[in-house]
Amino acid sequence: MITRRQMLKATTMMLGGAGLLGAARRIGAAPPMKRMAPGAHGAMPGMAEHATTTAGGSHGRVVTPDGSSLPWKWEGGFKTFHLVAEPVKREFAPGLVVNCWGYNGQTPGPTIEAQEGDRVRIYVTNKLPEPTSVHWHGVLVPNGMDGVSGLTQRAIRPGETFKYEFTLRQHGTQMYHPHFDEMVQMAMGMMGFFVIHPRGPEEPRVDRDFAIMLSEWFVKPGAATPDPTVMSDFNLLTFNSRVFPGTEPLVVRRGQRVRIRIGNLSSMDAHPIHLHGHNFRTTGTDGGRIPTSAQLPETTARVPVGTTRDVESGGDCPEC
Ligand SMILES: [Cu+2]
């Protein structure tokens, strides 16, 4: 738990771009942040309480603000995870509760963390009222594990569990999302990060590692369920399915090297994500790490649809 004193001593970074009107705000100008206790939303009706502990081993190191990493256990040489696709009630901001779909009680779903070289087994149980499947977006998998309903597998029907198994042959920031009735299921909030850590130590070392998923929604005023037929005229832009002032701040210490992994599985729009008071380099995409010589100093990263961008700032890097 972070005390108020630590909070004041720490450098507080906040990303512009999230909010009901997409307005960038400085933390100094914002009203006192009422921090939502982790798991507090678990008290809402219909929402299951899930473990907020990060993944086991030494790789539970990504912080998903307003979310968590998916716990795992070893099972016959496989790092084994269990995703449950299900309806979720999500409080986007105090008083704004939206009927979403997600995984394990969350939208976005919990972050899957593993390491290059791991053999992973992921059980997916469908508790939705319609079929689904999971596509590992950007992860290099055998065709039969690609999760495309009607093409590489039969869709997972309500009540069924499907087992995905593959070996991780890359590292970086990837994602997962359904590949059945995608327009509805993704518009309802079904997506998550799949972070694959490199085998060896990272250079330069990263002290704080955050993951933020961008989403667009249309929730008609007076309604509580998103309209998935809306394709461009959105009225809610979220970071990890939250809007300011419901968004958790990214709290770091002065001098730390900070990575923010940003994912975009919105319907249509690329999102420029801007940091106030810091510059950074874009160090990776869902295609992999960008060579140091190709990393430009920036203050805004454009995150196109269907991609991730890793940005890093601070630490020993003299220019960023
Ligand atoms: Cu995809």
Side-chain angles (χ1 to χ4, degrees), residues 62 64 67 69-70 81 83-85 88 100-104 106-114 120 122-124 126 128 130-156 162-196 211-217 226 228-232 234 237-241 261-271 273 282 284-289 301-310:
V62 173
T64 308
S69 286
L70 185 60
F81 301 86
L83 282 177
V84 179
V88 170
C100 303
W101 287 357
Y103 299 93
N104 300 52
Q106 304 176 27
T107 168
T111 297
I112 296 174
E113 288 187 74
V120 297
I122 306 166
Y123 293 102
V124 177
N126 184 5
L128 296 172
E130 65 175 31
T132 191
S133 65
V134 179
H135 167 64
W136 316 101
H137 181 114
V139 183
L140 308 175
V141 297
N143 197 48
M145 293 288 105
D146 203 41
V148 184
S149 295
L151 189 64
T152 64
Q153 69 170 91
R154 202 194 71 182
I156 311 164
F162 188 86
K163 181 172 70 176
Y164 294 91
E165 282 180 0
F166 42 89
T167 301
L168 302 175
R169 306 198 177 281
Q170 68 196 113
H171 58 85
T173 306
Q174 277 71 42
M175 300 183 280
Y176 63 89
H177 64 79
H179 239 307
F180 181 91
D181 196 12
E182 296 87 350
M183 189 172 155
V184 168
Q185 295 190 5
M186 293 173 72
M188 294 291 283
M190 297 186 75
M191 57 192 71
F193 278 102
F194 195 134
V195 174
I196 310 172
I212 295 176
M213 186 69 77
L214 311 175
S215 302
E216 299 171 320
W217 314 73
T229 65
V230 171
M231 291 298 283
S232 56
F234 300 102
L237 309 177
T238 58
F239 279 6
N240 289 342
S241 304
R261 305 170 189 264
I262 309 157
N264 182 2
L265 287 172
S266 318
S267 300
M268 287 293 179
D269 301 310
H271 293 292
I273 302 300
T282 302
T285 75
D286 38 336
R289 183 87 181 172
R302 183 174 180 274
V303 189
V305 179
T307 69
T308 68
R309 293 288 181 268
D310 294 354

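Numbers here are sequence positions counted from 1. We count ligands from 1, going down the list as the structure has it; atoms in each ligand are counted the same way. Just so it is clear, the model here is predicted, and its values are computed rather than measured.
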(message) Using the side-chain hydrogen bond (donor to acceptor under 3.5 Å, both in side chains) criterion, which residues pair with Trp217? Sequence neighbours excluded.
(response) Thr238
(message) For a side chain to side chain contact (heavy atoms under 4.5 Å, CB included) check, start with the C-alpha distance between Glu182 and His135, then their side-chain angles and the critical distance, and finish with the verdict.
(response) CA-CA 11 Å; Glu182 296 87 350; His135 167 64; over 6 Å; no
(request) Report the protein N/O/S neighbours of the Cu ion (ligand 1) that fall below 2.8 Å; do not count waters. (result) His137 ND1, His177 NE2
(request) Measure the spacing between OG1 of Thr173 and CZ of Arg289 and express it to the nearest 0.5 Å. (result) 9.5 Å
(request) Could you list the residues that satisfy ring-ring contact (aromatic ring centres under 6.0 Å, His included) with Phe194, not counting sequence neighbours? (result) Trp136
(request) For Glu165, check salt bridge (Lys or Arg N to Asp or Glu O under 4.0 Å) against everything at least two apart and list the hits. (result) Arg121, Lys163
(request) May I ask you to test the Thr285-Arg309 pair for a side-chain heavy-atom distance under 4.5 Å? (result) yes
